[in-house]
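Worksheet for the structure shown next.
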Amino acid sequence: MKQLLKLTAAVLIAGPLATITAPSFAHDEPMAAAHAEMSQGEIRNIDKDNGKLTIKHGELKNIGMPGMTMVFRVKDPAMLTQVKVGDQIHFVAEKVGGALTVTALQVAK
């Protein structure tokens, strides 16, 4: 009976570990942005000179931030030309070099 309990415990412990697989990342997407959940927001201001967007956003789950309006840097300056004030967007924000940065951006349809 003791051997059966030990075997059952070993299977229960090893079972979930045996199913863990390494994530696959698309080559054309940033590693973290590829798997981060997109948040919703609204463009409030575009500062092309400084490479920043002001976004009124909901909760940013991937960085544990509640909804608010704040300024973000953009990873790619081309993002600044993809949006206009008032656009509803889906985006990913991450800490890059200590600054909150938009790393992925889509205009909501």
Side-chain angles (χ1 to χ4, degrees):
M1 185 69 172
K2 286 184 180 181
Q3 285 183 336
L4 180 59
L5 288 174
K6 288 180 183 178
L7 180 60
T8 302
V11 168
L12 289 174
I13 291 169
L17 296 176
T19 60
I20 295 173
T21 58
S24 62
F25 298 105
H27 294 289
D28 59 346
E29 294 180 326
M31 199 176 298
H35 293 282
E37 182 178 331
M38 292 193 109
S39 301
Q40 295 182 1
E42 178 184 334
I43 300 295
R44 291 296 180 101
N45 189 44
I46 301 167
D47 181 354
K48 290 182 181 180
D49 292 336
N50 294 303
K52 296 180 181 182
L53 291 172
T54 302
I55 303 172
K56 178 180 180 185
H57 61 82
E59 180 182 8
L60 305 179
K61 292 180 183 180
N62 64 314
I63 56 177
M65 181 177 289
M68 64 182 76
T69 301
M70 61 180 295
V71 177
F72 295 89
R73 291 185 180 179
V74 293
K75 181 177 181 175
D76 180 359
M79 292 177 176
L80 300 170
T81 64
Q82 297 172 357
V83 294
K84 63 183 182 307
V85 173
D87 278 353
Q88 298 296 312
I89 60 166
H90 300 286
F91 71 104
V92 176
E94 301 176 78
K95 279 200 171 184
V96 177
L100 288 174
T101 304
V102 174
T103 58
L105 175 71
Q106 298 174 345
V107 177
K109 295 181 181 185

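Given the structure is predicted, the values throughout are model-derived calculations rather than measurements.
- Here the closest heavy-atom approach between residue Glu94 and residue Asn62 is recorded as CG-ND2, 4.1 Å.
- Of all the heavy atoms in Phe72 and Ala93, the pair that sits closest is CE2-CB, 3.7 Å.
- Val92 and Met70 are assigned to two separate hydrophobic clusters, defined by single-linkage of ILVMFWY side chains at heavy-atom distances under 4.5 Å.
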message: Quick one, Val102 with Met79, criterion side-chain contact (heavy atoms from CB on, under 4.5 Å). Give me CA distance, side-chain angles, the key distance, then yes/no.
response: CA-CA 9 Å; Val102 174; Met79 292 177 176; 4.0 Å; yes
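- Around CD of Gln40, the count of heavy atoms belonging to other residues, nucleotides or ligands within 6.0 Å does not exceed 12.
- Rounding to the nearest 0.5 Å places CZ of Arg73 at 10.0 Å from CG of Leu100.
- By the criterion of side-chain heavy atoms lying less than 4.5 angstrom apart, applied directly or through intervening Ile, Leu, Val, Met, Phe, Trp or Tyr residues, Leu80 is grouped together with Ile55 in one hydrophobic cluster.
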- request: May I have the step-by-step check of side-chain contact (heavy atoms from CB on, under 4.5 Å) for Asp47 and Thr54, ending in yes or no?
  value: CA-CA 8 Å; Asp47 181 354; Thr54 302; over 6 Å; no
task: Could you walk me through whether Glu59 and Met65 pass the side-chain contact (heavy atoms from CB on, under 4.5 Å) test, one step at a time?
output: CA-CA 6 Å; Glu59 180 182 8; Met65 181 177 289; over 6 Å; no
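- Residues Arg44 and Thr69 come closest through the heavy atom pair CG-CG2, 4.4 Å.
- A single hydrophobic cluster is seen to contain both Leu53 and Leu60, as judged by linkage of ILVMFWY side chains at heavy-atom distances under 4.5 Å, directly or through other members.
- Within the 3.5 Å criterion, the main-chain N or O of Ala78 finds a donor-acceptor partner in the side chain of Asp76.
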message: Thr101 vs Lys75, test: side-chain contact (heavy atoms from CB on, under 4.5 Å). Steps then yes/no.
response: CA-CA 6 Å; Thr101 304; Lys75 181 177 181 175; 4.1 Å; yes
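- Put simply, CG on Asp49 and CD1 on Ile46 are 12.0 Å apart, with the number rounded to the nearest 0.5 Å.
- To the nearest 0.5 Å, the span separating CE on Met38 from CG on Leu105 amounts to 7.0 Å.
- Remark: of the listed residues Val74, Asn45, Val71, Val71 is the sole one forming a side-chain contact (heavy atoms from CB on, under 4.5 Å) with Lys52.
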